[in-house]
Structures are given as C-alpha cells and as structure tokens.
Number of protein chains: 2
Amino acid sequence: MATLLNRRDPGQGSASERSPLHDDVVDQLRQMIIRCELVPGERFTEQKLVEKFGVSRTPLREALKILASEGLVEMRPHRGSSVSPISIEEISETFAVLGTLEEMAGPLVCDRVSNVDIARLERIKDEMSSKRDATDRNSYFELNVAFHQSMIALSGNAVLSATYNQLFGKLQRARYLVNDDQNRWSESAREHSWIMEALRQRDGAELSKRLREHNSRTAQAVLDKLRG
Amino acid sequence: MATLLNRRDPGQGSASERSPLHDDVVDQLRQMIIRCELVPGERFTEQKLVEKFGVSRTPLREALKILASEGLVEMRPHRGSSVSPISIEEISETFAVLGTLEEMAGPLVCDRVSNVDIARLERIKDEMSSKRDATDRNSYFELNVAFHQSMIALSGNAVLSATYNQLFGKLQRARYLVNDDQNRWSESAREHSWIMEALRQRDGAELSKRLREHNSRTAQAVLDKLRG
DNA sequence: ACTGTCAATATTGAATGCAATCTATGTGTG
DNA sequence: CACACATAGATTGCATTCAATATTGACAGT
C-alpha cells in the first residue's frame, strides 16, 4: 500500500503545528476531485479509499466530512459517499454570487492596497503569462487562484475573503475543464492586465466593473464548455 | 450548509430515514452556542460532552468538525475544542457581506415571487409581531430567521441562499444578545413591514435598498450592544 | 526565591471491532 | 413472465481500545 505521509514540514525551529492525518487526505482528495481524476457522480466505498491512502477509516471519514462541507462530496446516511456531480445550474449560480462579492471588494481593495501589494499581484500575473505552455497547466491554474484570492484578501474583510475562497473552490473543477482553451487563456491574461490597471489607479468603481466583466466572461466560457 | 438537508423527519413512523446520531448533537450544541449557554472562548473537553449527550466520542467529534466548519467552534490539534470567541470585527464584516448578498437578492426575488410566497412571508411577519412578549424570545428569534432566509430563498439562486444562511448562522449568537432590546424590536417590526411593501410592489431596487437599510440598522444595534 | 527541565497525568488522534442498515441476488407466487 | 419478498453479503455508523501529544506539577540547579 502506498502510504503518503507528507507531514507539514517541521524543519523550521519554531513550534510548528503538526497537521492531523486527515488534512493530508483532504488535500489529496480535493486535488483529485478538482482535477477530475475522480469522476463527478462516482461513488467510492470507504474501503477503497482506505487502501489508497493507507489510513484507517476514522481519519478518512473525517476528511470526507470536511469535503462534504465544502460541497465537493455528497454523503448520504448508510448509503456512502460520492463525488458531487457538476451541476451547470449550480456553477452558474456560483459565478453570479462570486461576481457580486468581487464587485463589493473593488472599492475596499482600492482604499487599502499598497504599492507592495500591487507589485506582488503583478508578479503573480507575469508568472501566469510565462506559464502558458500546456506543460504547466497546473501551475497556471494555481497562480490564477492566487491572483484572485489575493486580490479579494486585500479588501481587509476576512469574512468576505473566506466566503469568496470557499465559493471559488467549488468552481475549480469546472474551471479545470476549460483550462485548456488557448483563446480564453490569452483573453483572460488581457483582462488581468486591465484589472491591474484599475487597481494601480485606485479606481474602486472601475475595478469593480472590470472584475465583474472578467467574471462574466469566464463564466460564459466555462458554461459554454460544459454545455458543448 | 449541507447540514440543512438531512433533517430528521418526525412524522414518519417508519425508520426508513433515520438521521445519524451526530446530527442531534450538532443541533443541540449549535443552539447552546447560539443562546450563549456555552460561553464564547470556553474550552470543553470531549469527555464532558460525551457525558452530557450520552454518545461516544466518534459521533461527538464528527459534530464538532461540522460546527467548526460553520465557524461556531474552533479546533486546535491536540489542544481540544472551544467555543469560537465573538469578534466584533468579524461580526461587523459578516453584516457587510450579508448586506451585499441581500442587495443582490432584491431584484431576483421580485422577479420570481408569487402571491402565495408573499402571503407566507406575511404570515411569518405577523406571527413575529404577536410574539413580542419576553416569554417567547426564542420563537421570535426563530421566526426572524425564517423570515430572512425564506426571503432570500425566493431569489431562486440556491448558492446565494446557502451562502446567506451560513453567514446568517454565524451572526445568531450576536443577534441573540441584542434580542431583548424592546426599542430595536419594534423598530425592526416596522422595517419588516417596509420590506414587505416593496416586495408586494415587485420593486427590486427598492427592496434591495430597504433590505440594506434594515441590515445596516440591525448591525448598528448589535455592534452597539457588543461594545457597550 | 526563581527558572528550567523532566516525569506523571490528562486529553486528543487514530485504529479496530461490533452492530445497524442498505443492496443485490434468488426464489416463490400471481 | 413480471413482481413481491426474503435472505445473504457488503457497507456504513457507532463504540471501544490503543497510541501520540499536551499540560501540570514537582524537583534540582543557579
């Protein structure tokens, strides 16, 4: 059996908190679900997962509970767990809420953002552009997450940020499906530049507008892909 | 959010859909926390809770995990669980996000609401008014939850609704503290009537505005209470 | 007397075993 | 031949046990 126990690096001399076993399982399962290595709707028995991860059922079940609370897994009493199906309706609704949250964030971000923050976002954006070849799909993907979530985090509203991240996570699978579209890819890069421009000028209203535009276009691309 | 789905169905004598043990624990613990019977910040050992609820540690820990994902409980590895402290900052931020979500819901609700829906909301509102004596504080409280959550549910956006409910839940404790203020109570009743009026006229923009106003006033009252 | 270290105890994290429940297969009856 | 029902196997839910970690208190050294 493959026991992949990557404990969080305790190498730092500081009193590092060792992560519980189920955290590893959560991270790995989440990635597998996001990358569609586990087919949406597929039911998995606990036995199978226990063998795959080399842990006992207790931490495994805890992991499933967490993923269920994130909406990636569905658990029905006595009937086992399954990967949540991708619902076009739900994806569409999630994009709508995300758009509203980004719009809310715009002015808040512009009020608080520092030049250092902007530089950091620029770096993420540039790195994203450099990772355009198909080999680095996953890196690009992670950088896109970092870009958007870092942006919203600058609002200073931790609840807003957490809510945003949670909903963003629910879209990851769907985004992943559309992540190989080169046209959308370069279009998205341009939009990121637009967004940064509004941010540099600290124009809250304009930032809101551009974020919403970007959100809307991304939603369109993802939904088209899902339907076609 | 998914916790709202698996409700125990009391009417059916058939044991076809029995709810898991931990659901009861979650419901009871949540109420105790919301009603501040468990002091914020207080740490509880699993042993104590096991004795109190008469279940074993396994379902109890599952319950704690769920409450942790709702933000009512904090769990630190090897250091036990505690009731999340009430942070004024967090309460304030949560109100802000809720206000934005209500604003988003306004037009959606007005586009879809039926006369039957309106009648149901009216009934809730009227019942709320009838429960103004201090003996029925908890009933009033529950009805207020039902009023707001039912309203947002009418948006037809399930993700919006679930997100709203989740954030609303995080505010319950703070609301409970201010729930004995007679002035705010009658003021709130008037605002509910205003809101219903905009709804009956299907004026989405106006509904948004009044929802935000109500949200803002409630936030003010709660935060004043917390600070004073 | 104060502080740092170490052992004893308490408490949580994980694993295993047992009971309850669901699902699938096969049999009998209309 | 279709359908209802019963039984066996599989799977989940819960309880208990074992292991790892944190906390508390005492003791020795400065």
Side-chain angles (χ1 to χ4, degrees), chain A residues 1-29 38 41-69 72-84, chain B residues 2-3 5-9 12-29 38 41-69 72-84:
Chain A
M1 60 178 76
T3 16
L4 322 158
L5 299 177
N6 17 345
R7 290 291 167 95
R8 206 157 285 166
D9 184 12
Q12 302 293 351
S14 64
S16 60
E17 293 183 7
R18 188 161 341 191
S19 67
L21 255 187
H22 69 256
D23 278 0
D24 290 329
V25 178
V26 168
D27 290 342
Q28 292 188 40
L29 263 180
L38 293 172
E42 176 182 350
R43 173 182 168 191
F44 32 60
T45 70
E46 295 177 356
Q47 188 59 34
K48 283 269 175 59
L49 296 178
V50 159
E51 290 166 5
K52 184 189 282 282
F53 292 108
V55 299
S56 81
R57 283 180 57 216
T58 307
L60 175 70
R61 285 171 60 82
E62 290 177 348
L64 289 175
K65 280 254 171 10
I66 290 176
L67 290 171
S69 79
L72 292 178
V73 163
E74 285 183 353
M75 299 184 77
R76 299 179 59 191
H78 291 286
R79 250 169 259 183
S81 310
S82 54
V83 182
S84 296
Chain B
T3 56
L5 294 179
N6 316 352
R7 282 289 172 187
R8 169 195 292 278
D9 55 325
Q12 297 291 356
S14 70
S16 56
E17 278 270 349
R18 246 188 58 198
S19 71
L21 253 188
H22 69 256
D23 277 2
D24 290 331
V25 179
V26 167
D27 289 342
Q28 291 187 43
L29 263 180
L38 293 172
E42 176 183 348
R43 173 182 167 190
F44 33 61
T45 71
E46 296 176 357
Q47 189 58 35
K48 283 272 175 57
L49 295 177
V50 159
E51 291 166 4
K52 183 188 283 282
F53 292 109
V55 299
S56 83
R57 284 179 58 215
T58 306
L60 175 70
R61 285 171 60 84
E62 290 177 349
L64 289 176
K65 280 259 176 359
I66 290 175
L67 290 171
S69 79
L72 293 178
V73 164
E74 286 183 353
M75 299 185 77
R76 299 175 59 190
H78 290 286
R79 252 171 255 185
S81 310
S82 54
V83 183
S84 295

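As the structure is a prediction and not an experimental result, all values here were calculated from the model. Below, chains carry the letters A, B, ... as their sequence lines are ordered, and counting in each starts from 1.
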Using whole Å, what does the distance between atom [atom2] of nucleotide [N] and atom [atom1] of [X] come to?
X       : N      : atom1 : atom2 : value
B:Lys48 : C:dT12 : NZ    : C1'   : 15 Å
A:Leu21 : C:dG13 : CG    : C1'   : 8 Å
A:Arg76 : D:dG13 : CZ    : C1'   : 16 Å
A:His78 : D:dT12 : NE2   : P     : 11 Å
B:Lys65 : C:dA14 : NZ    : C1'   : 11 Å
B:Glu46 : D:dA15 : CD    : C1'   : 14 Å
B:Arg43 : D:dT24 : CZ    : C1'   : 12 Å
B:Glu74 : C:dT12 : CD    : P     : 15 Å

Selected nucleotide, minimal atom distance to [X] side chain, candidates [options]:
X       : options                : answer
A:Thr45 : C:dT21, C:dT11, D:dT11 : D:dT11
A:Arg79 : C:dT23, C:dT12, D:dG13 : C:dT23
A:Glu62 : C:dA14, D:dT23, D:dA15 : C:dA14

Within-4.5 Å side-chain heavy-atom neighbours: [X] and [Y]:
X       : Y       : value
B:Phe53 : B:Asp24 : no
B:Glu62 : A:Arg61 : yes
B:Val26 : B:Leu67 : yes
B:Leu64 : B:Leu29 : yes

Item to complete: Identify, with sequence neighbours excluded, every residue that meets side-chain contact (heavy atoms from CB on, under 4.5 Å) alongside B:Ser69.
Response: A:Ser69

Worksheet item: For the atom pair CG (B:Asp23) and CD (B:Gln28), what is the distance rounded to the nearest 0.5 Å?
Response: 11.5 Å

Worksheet item: Listed in order of residue number, which residues of residues 53-61 of chain B have a non-hydrogen atom at under 4.0 Å from DNA chain C?
Response: B:Arg57, B:Arg61

Practice prompt. Indicate the atoms forming the closest heavy-atom contact of A:Val55 with A:Val50, along with that distance.
Written response: O-CG1, 3.2 Å

